[in-house]
2 protein chains.
Amino acid sequence: MSAETAFRDELIEARILIPSGVDGVFGRSGLFESIVDGIDSLITRNGQDQDAEIVRFPPAMPRSVMETSGYLNGFPHLAGTVHCFCGDERAHQTLLRCLEAGEDWTEGQKCVDLTLTPAACYPVYPMIAGRGALPQGGCTVDVASYCFRHEPSLDPTRMQLFRMREFVRLGSPSDVQAFRDNWVQRGKTIIGDLGLPVAIDLANDPFFGRGGTFMASSQRDQALKFELLVPVTNPEKPTACLSFNYHMDHFSEVWNLRLADGELAHTACVGFGFERLTLALLRHHGFDISSWPQSCRKALWNS
Amino acid sequence: MSAETAFRDELIEARILIPSGVDGVFGRSGLFESIVDGIDSLITRNGQDQDAEIVRFPPAMPRSVMETSGYLNGFPHLAGTVHCFCGDERAHQTLLRCLEAGEDWTEGQKCVDLTLTPAACYPVYPMIAGRGALPQGGCTVDVASYCFRHEPSLDPTRMQLFRMREFVRLGSPSDVQAFRDNWVQRGKTIIGDLGLPVAIDLANDPFFGRGGTFMASSQRDQALKFELLVPVTNPEKPTACLSFNYHMDHFSEVWNLRLADGELAHTACVGFGFERLTLALLRHHGFDISSWPQSCRKALWNS
């Protein structure tokens, strides 16, 4: 049995994760959620000086946001679209007959104007774009949502549905790079406070297909993505728990995000993976949170 | 302009709700979320004596759970299925060409094994069923999730994506009815503590089609559903903020939920709508939470 599966089974046995029957889709226990809440407060404290606008989005966003943002160029295989029944009573009878007969009843489902949110920051750019030019000095947004990526896995650190919190910075290139560099340091401090081993590494997104290989190496060549890695399920393959992404003017071009002086803005974000951080803590400190290191308990719950 | 739209526009103007471009899909401000958090704590305090198992589910659940539970009999029009791209590089090129040309690129999306969760308690029944017979005396589960219903509306109290928390009781018929009656009283007290006007009413679910009319009146005849109503957007049509549902043995038959003595269990749930309660508070007490009634502030934030 692989290390990934063994850890998942321990979590299920302890009823910390509730299996749903679909790989990568779990219920979370009260214990799991109390750790998530602690991480959330810790991030809030660390971001207090960012003067960020807080906004929380639901787990789905307009389909137009996915279409416009370029997500389907790189990650068609991870995207989830929402489809609904739009028929009449006769179509409903057909649906029920198919279901009863064990046939595919979903063929009549129509794609509506929503997709599942692939990363918390996607709805931020159109929100800001709707307000005209950025304020002098740019702006920072504190955003979180449930996210979806279609990659069923036995590894509990690779869930299909997981929560992400991000700080998103929109401003001049130098400003945005300074933001990213600063958060790399803060991120290391946060992970250290939690008593977890951490390494930083250059990274790339999991772009689709052969064209994706080129996109990935271009992203690496420009050093646009870094990750903070913590060993969780497999010491040979540590897990990205935080990521730092410099988009240059990608989202600004798409959404026409302009600085106060009229120039195109640059954007960057730092993202925290709640489920991965929680699993890293459970892996390193055990399932009995009362025995966790004092400094870690203090960081999470001030207790 | 209708009362519903006027209130929505006020909330958007105050940046408490962030419009997404799709009706019934909004971002929430930090102020909105602090009210949601207060309601969450208030529910926790009121449910402390229930000895409930806490579990939190993601916004999607196995498609098999929707198929098995009978949801598609009554509510095909509200359900959302998740569809993904499962093609190769050539199919990806076709997708991108369609997108570029403004044509429908979603035809190749395939329904995967997930649906959006229509009400928080759906994943609870298979979870309990997987454990064998209920413990002596039954059990109670404290569950919450983001939910989806495909009913785009200009009324902010009718969102497509919203959060629901429920206590679900599984036990003998008399036990489950006592649970429901007890929570009707608790619910009234909670709404009263928040300084909101409340009425209780017999209700029915919005079943689909002509067959649905029969299901709705049967549900009413058996007095299976009650709602606590608070006037929010329209005084003529108060909004259901809590609902109390007695399922008799519907879910138990579907999932074979048995009492310790081997009899079929009965189930009931009480559901709290976070968004609706939050909007009710904003409507009645205004957008400046520092000026809210002392008793309401104490109930929410102990401040």
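By convention in this document, chain letters (A, B, ...) are assigned in the order of the sequence lines, proteins followed by strands, and residues within each chain are numbered from 1. Hydrogens, waters and symmetry mates play no part in the numbers below; they use all other heavy atoms, side chains included. Keep in mind that what you see is a predicted model, and the values were worked out from it rather than measured.
- For chain B, the nearby parts of A:Leu72 are the backbone and the side chain; heavy atoms of each come within less than 4.5 Å.
- Between chain B and the residues A:Cys84, A:Gly211, A:Gly80, A:Gly30, the largest count of heavy-atom pairs under 4.5 Å involves A:Cys84.
- Put simply, CG on A:Leu279 and CZ on A:Phe162 are 12.5 Å apart, with the number rounded to the nearest 0.5 Å.
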Kindly determine whether A:Arg8 and A:Ser153 satisfy side chain to side chain donor-acceptor pair (under 3.5 Å), including the steps that lead there. CA-CA 11 Å; A:Arg8 190 197 61 158; A:Ser153 167; over 6 Å; no

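- In this structure, chain A has a heavy atom under 4.5 Å from the side chain of B:Gln160, while its backbone stays farther away.
- With a 4.5 Å cut-off on non-hydrogen atoms, B:Asp88 touches chain A through its backbone but not through its side chain.
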Could you go through A:Phe207 and A:Phe75, starting from their C-alpha distance and side-chain angles, then the distance that decides it, and tell me whether this counts as ring pair (Phe, Tyr, Trp, His ring centres under 6.0 Å)? CA-CA 6 Å; A:Phe207 295 99; A:Phe75 316 106; 5.0 Å; yes

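- Contacts with chain B were tallied for A:Arg28, A:His83, A:Arg15; A:His83 has the most, counting heavy-atom pairs under 4.5 Å.
- Proximity to chain A is limited to the side chain of B:Phe148, based on heavy atoms less than 4.5 angstrom apart.
- Comparing A:Met159, A:His92, A:Glu33 by how many heavy-atom pairs each has under 4.5 Å with chain B, the most go to A:His92.
- Contact of B:Val82 with chain A is made through backbone and side chain together, with heavy-atom distances under 4.5 Å.
- Within the 4.5 angstrom heavy-atom criterion, only side-chain atoms of B:Leu114, from C-beta onward, approach chain A.
- Between the side chains of B:Thr44 and B:Arg165, at least one donor N or O sits under 3.5 Å from an acceptor N or O.
- In this structure, OG in B:Ser29 is found 8.5 Å from CD1 in A:Ile54, a value given to the nearest 0.5 Å.
- With chain A as the partner, the residue from B:Val25, B:Asn73, B:Leu116 showing the most heavy-atom pairs under 4.5 Å is B:Asn73.
- Although no hydrogens or angles enter the test, the distance criterion places no donor-acceptor pair under 3.5 Å between the side chain of B:Trp255 and the main chain of B:Val124.
- Heavy atoms closer than 4.5 Å to chain A are found in both the backbone and the side chain of B:Ala60.
- Between the side chain of A:Thr117 and the backbone N or O of A:Pro59, at least one donor-acceptor pair lies under 3.5 Å.
- Of the atoms belonging to B:Val55, heavy atoms from both backbone and side chain fall under 4.5 Å from chain A.
- Chosen from B:His77, B:Glu67, B:Met127, the residue pairing most often with chain A at heavy-atom distances under 4.5 Å is B:Glu67.
- Between B:Phe208 atom CZ and B:Met215 atom CE the span is 10.0 Å, to the nearest 0.5 Å.
- A:Phe251 and A:Tyr125 have parallel rings, their planes meeting at less than 30° on a 0 to 90° scale where 60° marks the start of perpendicular.
- For B:Arg131, the part lying under 4.5 angstrom from a heavy atom of chain A is the side chain only.
- Side-chain atoms of A:Arg63 come within 3.5 Å of backbone N or O of A:Val112 as a donor-acceptor pair.
- Both the backbone and the side chain of B:Pro62 come within less than 4.5 Å of a heavy atom of chain A.
- Ranked by heavy-atom pairs under 4.5 Å with chain B, the first of A:Gly27, A:Pro126, A:Pro58 is A:Pro58.
- If you check the side chains of B:Thr81 and A:Gln109, you find a donor sitting under 3.5 Å from an acceptor.
- Ranked by heavy-atom pairs under 4.5 Å with chain B, the list A:Gly87, A:Gly209, A:Pro76, A:Gly21 is led by A:Pro76.
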